[in-house]
Visitor: 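Got a structure for you, written out below as structure tokens; questions coming shortly.
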Amino acid sequence: MVQQETRVNERLLDISLLRVISIVAVVAFHVYGMMYANHFPESKDLYRQIYWTWNQCGLINIAMPMFVFISGYLFAFLMGKGKYPTFGILLKNKIKRLLLPYFAFGFIMMATTGNFHPLNLLKGDYWHLWFMPMLFWCFVVSYVILGGLRKNLRAFIFILLITFVFRLSTLTQVLPKIFGLHYIVGWYCWFLLGCFVQIYSLYIVNFLRKYRLYIPLFITYLIIITLKPVPYEVYTWYLLLAQISIILVIWYFVHTLKKNYFNQLSSLISFGKYSFGIYIFHNWIALYLVSRTAQRVLPLSDWAMQHTYLFPFCLFVITLFLSWGISWLLLKNKIGRTLIG
């Protein structure tokens, strides 16, 4: 039985807020990660000691699954509204929204970072842009199977569990890298979880509220992340349990916020419409901000050594708002709207 959306506000402001939280977390992950990479050799060990566990085992292990979860949630919502009446319409839309930006910006980034091998884009795993071909396949697969799963809760749960089993498998490592298809094995579980939560959101909210399950779920996450921190891209069953727990908790509290809170956060929520552009540009911009050229112009190495808290935070803020600024400018013209609109 398909649950009908009962909330008055159908603009999905809760998901827009989650999108803002996720993109800020992803930008922070990459910027802080650069501090213990090789950009600042003199201070990298110090930064690794301060930030590695928080960044590699905590922040990104929530943000990236949440991003995929959001995409699945929105897809199920729009499918229910009849946005994609035919497979051809879906395919055209996702080629335009995901594959075209992947190749366009991938080509530009290759040309401007001294690593110009455009044929490598066909693997679908170029830099942080791997996310877009992966999502393309998530949409394609979901269009094929979601109609049947909506009508059968048991089958939906079974398939969802199978996708999480695949997440724990090593198939991603052995599958050939062809247009990002290999990534779907490890990431489709979060997309399908988003679909599941959207379709049955009313029941899930009532269940979590009635038994206050958000409390044990949050405690479960805290225990696992404290006692068994696992770095990004290392897959264990207890990490999956922690990730599912915290995603459901965060979604529940955002989803059940009263409408007046969203009104107060309207400026922040509007920031979410730039998240796609921010995702595309942030890693590129951050790389230039810590480049050798930048270090010759400014005493960045000294600042990094002397200000271990203030310096990476400022770098994060600058990266975030430069990425937002470029996205804002692009959305002012037709070509930009085509690529990131």
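Starting from 1, each residue takes its place in the sequence as its number.
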Visitor: Less than 4.5 Å apart, side chain to side chain, heavy atoms only: is that true for K94 and L99?
Guide: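 With C-beta onward as the side chain, the pair stays apart.
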
Visitor: Just by modelled atom types, is the F139 backbone N or O under 3.5 Å from a matching donor or acceptor in the S142 side chain?
Guide: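 Here the side-chain-to-backbone pair does not exist.
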
Visitor: Using modelled atom types and a 3.5 Å cut-off, is there a donor and acceptor pairing between side-chain atoms of H30 and backbone atoms of H282?
Guide: no

Visitor: When rounded to the nearest 0.5 angstrom, what is the spacing between CZ in F136 and CG in L90?
Guide: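 Spacing of CZ (F136) from CG (L90) equals 8.0 Å.
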
Visitor: I'd like to know if the side chain of Y235 and the backbone of T170 have a donor-acceptor N/O pair within less than 3.5 Å.
Guide: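 No, the answer is negative, given that no donor and acceptor are paired below the 3.5 Å cut-off.
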
Visitor: Can you tell me how far the CG atom of L213 sits from the OG1 atom of T220, to the nearest 0.5 Å?
Guide: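 Between atom CG of L213 and atom OG1 of T220 there are 10.0 Å.
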
Visitor: According to a 4.5 Å side-chain heavy-atom criterion applied to Ile, Leu, Val, Met, Phe, Trp and Tyr, with indirect links allowed, do L257 and V20 form part of one hydrophobic cluster?
Guide: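 Looking at the clustering, V20 is in the same group as L257.
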
Visitor: So how far is it from F69 CZ to L18 CG, rounded to the nearest 0.5 Å?
Guide: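 Result: 7.5 Å between the selected atoms.
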
Visitor: Give a yes or no on whether the backbone of A304 and the side-chain of T308 come within a donor-acceptor separation of less than 3.5 Å.
Guide: no

Visitor: Are the side chain of N206 and the backbone N or O of L202 linked by a donor-acceptor pair below 3.5 Å?
Guide: yes

Visitor: Flag the pair F75 / I70 as yes when at least one side-chain heavy-atom distance between them is below 4.5 Å, and no otherwise.
Guide: no

Visitor: Are the side chain of T86 and the backbone of I89 linked by a donor-acceptor contact shorter than 3.5 Å?
Guide: yes

Visitor: Where the side chain of S270 meets the backbone of S267, is there a donor-acceptor pair that is under 3.5 Å apart?
Guide: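 Between the backbone of S267 and the side chain of S270 there is a qualifying donor-acceptor contact (under 3.5 Å).
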
Visitor: Would you check if the side chain of Q295 reaches a backbone N or O of V290 as a donor-acceptor pair within less than 3.5 Å?
Guide: yes

Visitor: Considering only heavy atoms from C-beta outward, does the side chain of I21 approach that of I62 to under 4.5 Å?
Guide: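 They are not in side-chain contact.
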
Visitor: Establish, yes or no, whether a centroid distance under 6.0 Å links the rings of W237 and F164.
Guide: no

Visitor: Looking only at side-chain N and O atoms, does Y84 offer a donor or acceptor that is under 3.5 Å from a partner on K92?
Guide: no

Visitor: Does a side chain donor of either W284 or T112 reach within less than 3.5 Å of an acceptor in the other side chain?
Guide: yes

Visitor: If two hydrophobic side chains count as joined below 4.5 Å and joins carry through other members, does V317 share a cluster with L320?
Guide: yes

Visitor: Would you please name every residue forming a salt bridge (Lys or Arg N to Asp or Glu O under 4.0 Å) with D125, sequence neighbours left out?
Guide: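 Salt bridge (Lys or Arg N to Asp or Glu O under 4.0 Å) list for D125, sorted by chain: K177.
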
Visitor: Got a sec: does the CD1 of I335 have more than 12 other heavy atoms crowding it under 6.0 Å?
Guide: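 For I335, atom CD1 is not crowded (no more than 12 foreign heavy atoms under 6.0 Å).
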
Visitor: Under the side chain to side chain contact (heavy atoms under 4.5 Å, CB included) test, which residues partner A76, sequence neighbours left out?
Guide: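 Testing A76 for side chain to side chain contact (heavy atoms under 4.5 Å, CB included), a comparison that skips the adjacent residues, returns L146, R150, C195, Q198, I199.
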
Visitor: Is there a path from F321 to F313 through hydrophobic residues (I, L, V, M, F, W, Y) whose side chains come within less than 4.5 Å of each other?
Guide: yes

Visitor: Evaluate F107 against F116 for ring-ring contact (aromatic ring centres under 6.0 Å, His included), listing each step before the verdict.
Guide: CA-CA 8 Å; F107 188 87; F116 191 65; 5.1 Å; yes

Visitor: So, taking the atom named NZ in K228 and the one named CD1 in I223, what distance separates them when rounded to the nearest 0.5 Å?
Guide: 13.5 Å

Visitor: Can you run down the side chain to side chain donor-acceptor pair (under 3.5 Å) pairs that involve residues 309-330, sequence neighbours left out, and say none if there aren't any?
Guide: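 Those involving residues 309-330 do not exist here.
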
Visitor: Checking R97 side chain against G341 main chain: does a donor-acceptor pair fall under 3.5 Å?
Guide: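 Yes, R97 side chain to G341 backbone: donor-acceptor pair under 3.5 Å.
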
Visitor: Would W130 and W187 satisfy ring-ring contact (aromatic ring centres under 6.0 Å, His included), going step by step from the backbone distance to the final call?
Guide: CA-CA 12 Å; W130 64 269; W187 288 94; 5.4 Å; yes

Visitor: So, the side chain of Y47 versus the backbone of M305: is there a donor-acceptor pair under 3.5 Å, distance only?
Guide: no

